[in-house]
Number of protein chains: 2
Amino acid sequence: MDPGEGTRSVDRLKWWGWGEEGKSYPLDDRPNAWPFLNQILGLSGSERSPRLTLDQIKLRKSRADERLIIELQRIVGKENVSTETRERLVHSMGKGYQDLIRVRRGIVQSPPDIVVYPASEGQVATILECASQRDASVIPFGGGTSVVGGVEARPREEGGLLLSLDMTRMNRVLAMDPVSLTAKVESGIMGPDLEEKLNQAGYTLGHFPESFEYSTLGGWIAARAAGQKSTRYGKIEHMVEGLRLISPTGTIATRDVPASAAGPNLKQFLIGSEGIFGVLTEVTLRIHRYPDRIEHRGLLLRDFSSGIGVLREILQAGVNPPTLRLSDSPETRAYAALLRRPRKMTGRLKTRLGMWLMKRRGFSLQSSSLLIVGLEGSEAQVAEQRRIVLAKCREAGAFNLGRGAGEAWYRDRFELPYLRDVLLDRGVMVDTLETATTWRNLENLYLRVKEAIEEAIASMGVKPYVMCHVSHLYKDGASLYYTFLAKQVEGREMEQWREVKKASCQCILENGGTLSHHHGVGLEHAAWMEGEVGRKGKELISAVKSTLDPRGIMNPGKILGTTPEWRDP
Amino acid sequence: MDPGEGTRSVDRLKWWGWGEEGKSYPLDDRPNAWPFLNQILGLSGSERSPRLTLDQIKLRKSRADERLIIELQRIVGKENVSTETRERLVHSMGKGYQDLIRVRRGIVQSPPDIVVYPASEGQVATILECASQRDASVIPFGGGTSVVGGVEARPREEGGLLLSLDMTRMNRVLAMDPVSLTAKVESGIMGPDLEEKLNQAGYTLGHFPESFEYSTLGGWIAARAAGQKSTRYGKIEHMVEGLRLISPTGTIATRDVPASAAGPNLKQFLIGSEGIFGVLTEVTLRIHRYPDRIEHRGLLLRDFSSGIGVLREILQAGVNPPTLRLSDSPETRAYAALLRRPRKMTGRLKTRLGMWLMKRRGFSLQSSSLLIVGLEGSEAQVAEQRRIVLAKCREAGAFNLGRGAGEAWYRDRFELPYLRDVLLDRGVMVDTLETATTWRNLENLYLRVKEAIEEAIASMGVKPYVMCHVSHLYKDGASLYYTFLAKQVEGREMEQWREVKKASCQCILENGGTLSHHHGVGLEHAAWMEGEVGRKGKELISAVKSTLDPRGIMNPGKILGTTPEWRDP
């Protein structure tokens, strides 16, 4: 009953924070970081946030009886069923702010009773049958990186049996088609594993969410994710040619065709269904030849507003560089504060010279907007992207920071989530939220949501710091990605965060945004789904849920349920 | 009760064939057309197919009672309700082969009892309420050009009251947003009207189905249509940013945002729903700046197979010219036979010289494959498209027919449906069907479906002529568009056509295609929907139908129903 410890990907991962044990985001060689944070957040430097050790955590005992355990072992093999504490803990929730606050204190409302690792579609179907017979709720689990409560272990009814279905053994690339540029892949494959296998054959998927290192294909699709190169390669929903979903009452398979007019699009309806209808097992993905050239650079735009105009013009001119990421001035300032101390004298001189030039041109890291540009494709395509991007930036009077600034961002692009743990340790509330809207509405929405977050934070008596970037661009609009920080209000951490969530969701819906552009709904946005899709829209989703999952065992509460209001301890 | 005759678009249209009264596709100046047709189909030249005059047609009397009429008149105004014969006839069915065979003989199984023209979303909602109360079935009607039975007037139950909801008064462009490049448009607008309004403001939608002149935005979306420039601008589902649908139990509105991760994608589920859930009223469309340059040319590829390779390489090289349309050799031969006699001596000489050159290079209109290339965009974009397209064609040893061949196709691109009426008059069965698949499977599917159609036609003792083109290209695949001809088997016309339909649908599903890439499901493909989406997929759609339209009054039988087997008279 405690098999294979150390061999599964979850065993490498922190139960209390982001990513792998031993990895962090040290601020030691970033001399301006703490002074900056102390100043903007009004920290004394002595704030701390509690974190238990693993052996201090007491999970509710598993309710899985011997018969169920044996039945599941027969399906997937003895070593692929676990009731061990650490496994149950890791499978209890995702990596949202509320999750981290709870798990660090050992508050786990409803850990799964049992964790099962299927290795095939047939096993998934049999597990769902078994779960149906016992009215056990099933939580499909990939990398467990959801930041919206998408993998929260929550039974259909208080006290119900809970089964976590960890998909990471279903991690094979089943076929690659170099003619159609597609690959058939099992849904439990992790980002780096998938990308490596594609790269070896000369391809890329082009999907790099910030969670890339620890998230799975199935999770991406379940949540309609977007990666940092989405402006060129699209969101995950554009990458799926066909998929298979196993529901408790049967299988839905969409056809592997480039497009169809055969009725309502089931594929796009199942993408984003977050496990509430069933389990994604196999996916046919659209892949791309590995680019001949990838290059990055950084620029400074006079201000956020003119920068938005530049991005829009680039997209509407018909080029799609993979990455155009424009930070507002608070985010630009934070980036500057997080810069590493140059190791060598030449580096220090270069930095000084750059600062001097920048200043002379009327730019500053205090008021300008940082634009990270990623170009990718064949040499000719990159040249064309570069030509248009730089021309539009030049017209707007941008200051070119050069390749170094871009490459630094690219190198560290999966690192920022580690910083959250460092800040949490020091009593800082930090979280992100995101939305999307049309170009016309982008600045309006930007300002409104920023204000809403700031007001919500300030209302509890602490200083807010809200920053934002525009990324994931389309011809008709773009997404807004906010990071907000504040000193934790001790004893009211959950309430403090919830106030921000409520204010931002409300504000987004009232001002023409969408609840989420790529994090998904999960539990955290469920309360606002009626605002997003209307009463009839919710009824439509519920009707499908009732048909595919009449007992309601699949990932209860997500999308259609209520948003829990976790009490502060 | 006979209001406004002559003022509505349907009044200009043939009730018995394609397009406007008085327009045709004359074969007089195409000297090779009939000799070619006689030869390939084994016609004697004396074949004829009956066609009644309008006054010979006896429609079943309208069952609409005075109270209903008055109620509807109150909603939309007296002049916007009709029980007149011609209106009811035109609203009885679409423009498929079976439709034309029936309507020309005056066989109309269930004409609508009443035709209503709403002018606002509110009116639509009120009409649906009124229809619900009386259990009247409602057929949403745009241009009525469906070729798959999508607008067949068919009540939910034999003898039930039938209301045709003609949307063409809802034809306003409500707003244009030059910043986000979007336009909010009412769904009943006709193709040319919409495109003209966009053009005047400097924009284009880029959607040009063959039915363009007579079809509506709502119809395109209902059927998930594709236009001749889809390779650049996408199918209609890619053009919709947001939409509103009025169901008998309430409204669903999706948000006007470029992308979202807020659960299952309702928009893509409603696109392609063919009126079975409700009525599309308002749509936010993604529009494009009117291109600086549009140019066309024709080329000959050695054969269909090498041509397919060329198309794939062009698409996968990352350029998207709007049109790449590759005919197989039977279609190329038919095009050649349909060429007009050059009017001037110079034209004749040029043609002869071209033929001589072509022959010298080893090409012939008998065995080669015609490729129509359309390029479009800014000067730089067109130059880039041209560079890659011509380079790939050159590598494949293609013969350049020049601009004239391309421009001729472009000029006549909406004309071919008129030819169908001419052929019908002369006792020829002619229809089209289409599918899509991956590049890897394209040639296989092409051959299988071609054989299936040929066998089905030959099995009834007549000579088949089956031709095909590849168009609507994607990185991962393309569509196949078949046209099939044969001498009508007298007295068994419906059966003859049905055999082809059965054989082709079966073959498409067994060989990795989709039932339709852009015509839709309607009644004609409904029998095969389980093969397309599976039992669970159909249950999913039915569940939504039951929720939005519990009485089943919306466009009964489409998508989920049975395919009627019309008896030969």
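Scope of the values below: all heavy atoms of this structure, side chains included, with no hydrogens, waters or symmetry mates. Chain identifiers are assigned alphabetically (A, B, ...) following the order of the sequence lines, protein sequences preceding nucleic acid strands; residue numbering begins at 1 within each chain.
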Exercise for the section: Evaluate the criterion side-chain contact (heavy atoms from CB on, under 4.5 Å) for residue pair A/E241 and B/T438; output intermediate values, then yes/no. Expected result: CA-CA 10 Å; A/E241 191 193 58; B/T438 58; 3.4 Å; yes
Problem - Worked verdict on B/L548 versus A/E539 for side-chain contact (heavy atoms from CB on, under 4.5 Å) - result: CA-CA 8 Å; B/L548 298 181; A/E539 276 178 29; 5.7 Å; no
Practice task
Show your working on side-chain contact (heavy atoms from CB on, under 4.5 Å) between A/L509 and B/R255 and close with a plain yes or no.
Solution key: CA-CA 9 Å; A/L509 291 178; B/R255 295 178 88 76; 3.7 Å; yes
Practice task
Run the numbers on A/T547 and B/L540 for side-chain contact (heavy atoms from CB on, under 4.5 Å), then give the verdict.
Solution key: CA-CA 7 Å; A/T547 299; B/L540 192 166; 5.6 Å; no
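Between A/H519 and B/A261, the shortest heavy-atom distance links the atoms N-CB, 4.2 Å. The heavy-atom pair separating A/Y474 from B/P258 by the smallest distance is CD1-CB, 3.6 Å. The shortest non-hydrogen separation linking A/V257 to B/G513 is CG1-C, 4.1 Å. Nearest heavy atom pair, residue B/A436 against residue A/A259, reads CB-O, 3.8 Å.
Among B/G263, B/G250, B/G477, the residue making the largest number of heavy-atom pairs under 4.5 Å with chain A is B/G263. By number of non-hydrogen pairs under 4.5 angstrom with chain B, the leading residue of A/I559, A/I236, A/T182, A/T249 is A/T249. Note on A/L473, A/N441, A/V544, A/L515: by heavy-atom pairs under 4.5 Å with chain B, the leading option is A/V544. The most heavy-atom pairs under 4.5 Å with chain A, out of B/I287, B/T437, B/V148, come from B/T437. The most heavy-atom pairs under 4.5 Å with chain A, out of B/G534, B/A380, B/G537, come from B/G537. For chain B, the option among A/T254, A/D177, A/L560 with the highest count of heavy-atom pairs below 4.5 Å is A/D177.
For a residue to count as touching a neighbouring chain, one of its non-hydrogen atoms must lie under 4.5 Å from one of that chain's; by this rule A/K235 touches chain B with the side chain only. Looking at B/E434, there are no atoms closer than 4.5 Å to chain A (heavy atoms on both sides), in backbone or side chain. Proximity to chain B (any heavy atom under 4.5 Å) is restricted, for A/R312, to the side chain, taken from C-beta onward. For B/A478, the part sitting under 4.5 Å from any heavy atom of chain A is the backbone (N, CA, C, O) and nothing else. With a 4.5 angstrom heavy-atom cutoff, A/A223 touches chain B only via backbone atoms. Contacts of A/E384 with chain B are absent, with no heavy-atom separation under 4.5 Å from either backbone or side chain. Contacts between B/A225 and chain A at a heavy-atom distance below 4.5 Å are absent for every atom of the residue. With a threshold of 4.5 angstrom between heavy atoms, A/A226 does not approach chain B through any atom at all.
Listed in order of number, the residues of residues 523-530 of chain A that approach chain B to under 4.5 Å between heavy atoms are A/M529. Heavy-atom neighbours of chain B within the stretch residues 264-276 of chain A, taken at a separation under 4.5 angstrom, comprise A/P264, A/N265, A/L266, A/Q268, A/F269, A/L270, A/I271, A/G272, A/S273, A/E274.
Here B/R286 contributes atom CZ and A/D476 contributes atom CG; the two are 4.0 Å apart, rounded to the nearest 0.5 Å. For the atom pair B/L181 CG and A/W439 CH2, the distance stands at 10.5 Å (nearest 0.5 Å). For the atom pair OG1 of B/T251 and CZ of A/R535, the computed distance is 9.5 Å after rounding to the nearest 0.5 Å.
Between the side chain of A/R224 and the backbone N or O of B/S260 there is at least one donor-acceptor pair closer than 3.5 Å.
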